[in-house]
Amino acid sequence: MIHLVKVNGGNIYDILSLNVEESQKSFVSDNKTSLAEAYAAVTGGGHVFPFGIYDDDTPVGFVMIGFGTDEYWEDHPGVAEDNYNIWRFMIDFRYQNKGFGRAAMKLILDFVRTYPCGKADKCWISYEPENTVAEKLYSSFGFEPNGETDGNEIVAVLNL
Ligand SMILES: CC(C)(COP(=O)(O)OP(=O)(O)OC[C@H]1O[C@@H](n2cnc3c(N)ncnc32)[C@H](O)[C@@H]1OP(=O)(O)O)[C@@H](O)C(=O)NCCC(=O)NCCS
């Protein structure tokens with residue numbers, strides 16, 4: 001069964017071993033980069049929740065949830081202020097298209113709705129315009145583009 005496990009000293013190498021297909025590498029940073037960014041967010045006074053996505057004992061993916069902005073993120077979308085963000089989300093290439101991404105998204109939104117950084121109105125996510133699998137998955141959960149972009153990526157927002 002799919003569940004989320006906080007990234008910690010015991011499982012960090014599980015998470016670092018997970019990769020997407022070569023053709024998907026422009027869609028998501030590698031997990032090493034994401035965890036370095038998580039560290040920098042914390043040292044910058046920000047909030048971040050990195051989780052491994054596990055199917056029973058098997059690591060199958062990674063997600064990193066953020067909240068708000070920090071002083072170093074100057075060109076952030078407006079919706080980032082005081083709202084939750086699914087900052088990184090990936091399922092390893094060996095485990096894609098088996099329903100794990102959809103099952104994980106339910107758990108991710110359950111976690112966001114515990115409001116670990118306090119109540120907020122929105123959760124947002126961004127994706128490359130060519131990433132039609134991500135776009136359809138997110139829209140099926142109610143995320144809708146709000147007209148903003150984050151770099152090249154389309155910003156989509158869910159009312160919590
Ligand atoms: C996007 C991603 C997280 C989805 O996870 P997943 O486990 O593959 O998704 P699921 O198996 O739960 O499938 C979700 C839906 O996408 C569809 N789907 C998944 N992979 C697909 C593929 N390669 N081609 C077409 N459709 C696909 C499924 O059919 C399913 O549709 P349905 O629920 O409407 O029937 C995963 O593919 C991934 O990590 N991709 C690379 C990195 C990435 O793009 N991350 C997101 C950055 S914004």
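Counting starts at 1 for both ligands and their atoms, following the listed order. Note that these values count all heavy atoms, side chains included, but never hydrogens, waters or copies made by symmetry.
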inquiry  = Just to verify, what does Ser140 make a side chain to side chain donor-acceptor pair (under 3.5 Å) with, not counting sequence neighbours?
reply    = Arg102
Qualifying side-chain hydrogen bond (donor to acceptor under 3.5 Å, both in side chains) pairs with a residue from residues 9-20, counting only residues at least two apart or across chains = Asp14-Tyr54
ask   = Which protein residues have a heavy atom under 4.0 Å from ligand 1?
value = Val20, Gln24, Phe27, Val28, Phe89, Met90, Ile91, Gln96, Asn97, Lys98, Gly99, Phe100, Gly101, Arg102, Ser126, Tyr127, Asn131, Val133, Leu137, Tyr138
inquiry  = If you define the side chain from C-beta out and look only at heavy atoms, does anything of Leu160 sit under 4.5 Å from Tyr115?
reply    = yes
query = Within a reach of under 6.0 Å around CD of Glu130, are more than 12 heavy atoms found that belong to other residues, nucleotides or ligands?
reply = yes
query = Are there more than 12 heavy atoms of other residues, nucleotides or ligands under 6.0 Å from atom NZ of Lys25?
reply = yes
ask   = What residues form a salt bridge (Lys or Arg N to Asp or Glu O under 4.0 Å) with Asp92, not counting sequence neighbours?
value = Arg94
